[in-house]
Amino acid sequence: MKIRIIGSVGSGKTTLAKKISKWLQIDFFETDRIVWKREETEVRRSDSEKIAELNAILQKDNWIIEGVHLEAWTEESISQADIIIYLDLPKKQIRSQLIKRQFKQLLRIEKAHYVVRFSMLKKMFYWDDLFDQRTKPLVNEKINQHPAKWLIIKENLVFHEIQQKILQIISSRDIL
């Protein structure tokens, strides 16, 4: 099973990937960790390094890849995915989730791989706006190319409801 999860910053991609990973016993990968080498400081990988990292993941029989990235280097993950989950949540919900995340990180309830400051929250709001302007039109084009592969989530669902929708896609397309 190969699952790709796409959505704006703060839409719940990582949380969903972790839950599906645990449920299906499939490793999950974050595109941010493909783009960035996270060591003492974050270093952006070159295009060839990103492609090599992604290709190593794509060689596996099963994977879950989540991330906002939809540039050309990610194209093969879209092509190979059996199911693509698009978290197209309302802006108000995403902003609320970003603010909650910020408070959890400030209280050290949740880890952050960046310095937690108000300026980072502002950047995330900006990235969310960029997703709406630049990435959503690309997502819509891709949905039109292979609509049967896509599970579009427009509201916060309990995980059981998402499981049911995934099972429906699996059985309707004879995946596995």
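Values reported hereafter were calculated over all heavy atoms of this structure, with side chains retained and with hydrogens, waters and symmetry mates removed. Keep in mind that this is a model prediction, so the values were computed, not measured.
Remark: I85 CD1 to R4 CZ distance equals 11.5 Å, nearest 0.5 Å. The distance from atom NZ of K122 to atom CG of L98, rounded to the nearest 0.5 Å, is 14.5 Å. Note that CG of L89 and CD of E155 are 9.0 Å apart. Values are rounded to the nearest 0.5 Å. The NE2 atom of H146 lies 10.0 Å from the CD1 atom of I78; values are rounded to the nearest 0.5 Å. Distance CD1/I94 to CE/M124: 12.5 Å, rounded to 0.5 Å. If you take CG on L157 and NZ on K165, they are separated by 6.0 Å, rounding to the nearest 0.5 Å.
Closest of all the heavy-atom pairs between L54 and S77 is CD1-CB, 4.3 Å. Contact detail for Q102 and F118: the closest heavy-atom pair is NE2-N, 3.7 Å. Taking every heavy atom of both residues into account, A17 and F28 meet most closely at CB-CD1, 3.8 Å.
One hydrophobic cluster, built from ILVMFWY side chains closer than 4.5 Å, cannot hold both I65 and I84; they sit in different ones.
Remark: K91 pairs with R95, D128, D129, D132 by the side-chain contact (heavy atoms from CB on, under 4.5 Å) rule, at least two apart or across chains. Listed by chain and residue number, Q93 satisfy the side-chain hydrogen bond (donor to acceptor under 3.5 Å, both in side chains) test with N156 (two or more places apart in sequence, or in another chain). Every residue two or more places apart in sequence or in another chain that forms a side-chain contact (heavy atoms from CB on, under 4.5 Å) with I51 is listed here: N55, W73. Residues satisfying the side-chain hydrogen bond (donor to acceptor under 3.5 Å, both in side chains) test with S11, not counting sequence neighbours, are none. Remark: S96 pairs with K100 by the side-chain contact (heavy atoms from CB on, under 4.5 Å) rule, at least two apart or across chains. Residues satisfying the salt bridge (charged side-chain N to carboxylate O under 4.0 Å, His left out) test with E75, not counting sequence neighbours, are K142. Every residue was checked against the ring pair (Phe, Tyr, Trp, His ring centres under 6.0 Å) condition with W150, not counting sequence neighbours, and none meets it. Residues meeting the side-chain hydrogen bond (donor to acceptor under 3.5 Å, both in side chains) test with S79, sequence neighbours left out: none. Q80 pairs by the side-chain hydrogen bond (donor to acceptor under 3.5 Å, both in side chains) definition with K2, E76, not counting sequence neighbours. By the side-chain contact (heavy atoms from CB on, under 4.5 Å) test, D27 pairs with F29, sequence neighbours left out.
By the 4.5 Å heavy-atom criterion applied to side chains, I143 and Y86 are counted as neighbours. At least one side-chain heavy atom of L151 sits under 4.5 Å from a side-chain heavy atom of I153. Under the 4.5 Å side-chain criterion, counting only non-hydrogen atoms from C-beta, D32 is not in contact with T14. Taking the side chain as every heavy atom from C-beta outward, F159 and E161 never approach each other to under 4.5 Å. The shortest distance between side-chain heavy atoms of L87 and I5 falls below 4.5 Å.
Pairs engaging residues 48-62 under the salt bridge (charged side-chain N to carboxylate O under 4.0 Å, His left out) rule: K37-E49, R45-E53, D47-K50 [sequence neighbours left out].
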Review item, side-chain donor-acceptor pairs of residues 133-141, under 3.5 Å, at least two apart:
{"unit_1": "K136", "atom_1": "NZ", "unit_2": "D88", "atom_2": "OD1", "d": "3.0"}
{"unit_1": "N140", "atom_1": "ND2", "unit_2": "K136", "atom_2": "O", "d": "3.3"}

